[in-house]
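To start, the structure under review is shown below, and the notes come after it.
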Amino acid sequence: MRKLWDFWKNKKYGKKSMTGWFLLTNALLCGVIGAALWGVVSLVALKGISWLIIFAGYAIVFPGFLGGVLFAMNAETTMDELEIK
């Protein structure tokens, strides 16, 4: 997540735009990882497309979006502290 955050931070966008792009790309990246995990699991079990939606959906929402929000809140706090000093 740190590398993705640094990538968007170096683009010189405003705080809202940078955070929005970070959350979008983080959620999509986690969704792709969840879909890949389903691809491996589906070789043995859980072969239905509904399982793909479940694997990708949970990966998008929990580690992708919510984890990204928590990370961005912490990173923005440290950015604000650096700007004040």
Side-chain angles (χ1 to χ4, degrees):
M1 256 190 250
R2 171 62 61 190
K3 288 186 180 186
L4 190 60
W5 178 261
D6 290 338
F7 172 78
W8 287 111
K9 190 167 84 173
N10 291 334
K11 294 294 181 185
K12 306 294 183 205
Y13 291 140
K15 258 189 196 180
K16 283 186 178 182
S17 297
M18 182 190 68
T19 305
W21 281 111
F22 165 73
L23 289 175
L24 178 67
T25 54
N26 190 47
L28 290 176
L29 185 64
C30 286
V32 168
I33 292 170
L37 180 63
W38 172 80
V40 171
V41 170
S42 70
L43 295 174
V44 178
L46 309 175
K47 297 180 188 284
I49 292 296
S50 60
W51 285 105
L52 168 63
I53 296 169
I54 289 170
F55 272 70
Y58 273 103
I60 288 170
V61 171
F62 293 108
F65 184 72
L66 294 178
V69 166
L70 292 174
F71 182 86
M73 285 171 37
N74 187 30
E76 283 184 357
T77 302
T78 57
M79 280 176 47
D80 290 340
E81 290 172 359
L82 291 175
E83 290 175 4
I84 292 171
K85 292 180 180 178

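FYI, side chains are in, hydrogens and waters are out, and symmetry mates aren't considered; it's all heavy atoms of this structure. Just so you know, residue 1 is the first one in the sequence shown, and it goes up from there. Every value quoted in this text rests on a predicted model; they were computed, and no experiment measured them.
Of all the heavy atoms in Ala56 and Gly31, the pair that sits closest is CB-O, 3.9 Å. For the residue pair Gly34 and Ala59, the shortest heavy atom distance occurs at CA-CB, 3.9 Å.
Here the side chains of Trp21 and Leu24 are in contact, with some heavy-atom distance below 4.5 Å. In this structure, Phe65 and Ile60 have side chains that are not in contact, with every pair of non-hydrogen atoms separated by 4.5 Å or more. Using a 4.5 Å heavy-atom threshold, the side chains of Lys9 and Phe22 count as separate. For the pair Thr19/Trp5, a side-chain contact is recorded, criterion being any heavy-atom separation below 4.5 Å from C-beta on.
Taking the ring pair (Phe, Tyr, Trp, His ring centres under 6.0 Å) definition, one finds that Phe62 meets it with Tyr58, sequence neighbours left out.
The list of side chain to side chain donor-acceptor pair (under 3.5 Å) pairs with a residue in residues 25-54, not counting sequence neighbours, reads Trp8-Thr25.
Linking Ile, Leu, Val, Met, Phe, Trp and Tyr residues whenever their side-chain heavy atoms come within less than 4.5 Å places Met73 and Leu23 in a single cluster. Cluster annotation: Leu4 is connected to Val61 through the hydrophobic network of ILVMFWY side chains, with a link wherever side-chain heavy atoms come within less than 4.5 Å. No continuous path of ILVMFWY side-chain contacts below 4.5 Å connects Phe55 to Val32, so the two sit in separate hydrophobic clusters. Under a hydrophobic clustering in which Ile, Leu, Val, Met, Phe, Trp and Tyr are joined whenever their side-chain heavy atoms come within less than 4.5 Å, directly or via other members, Ile33 and Leu46 fall into different clusters.
Checked by atom type and distance alone, the side chain of Asn10 pairs as donor or acceptor with a backbone atom of Asp6 at under 3.5 Å.
Rounded to the nearest 0.5 Å, atoms CD1 (Ile49) and CD1 (Ile54) are 11.5 Å apart.
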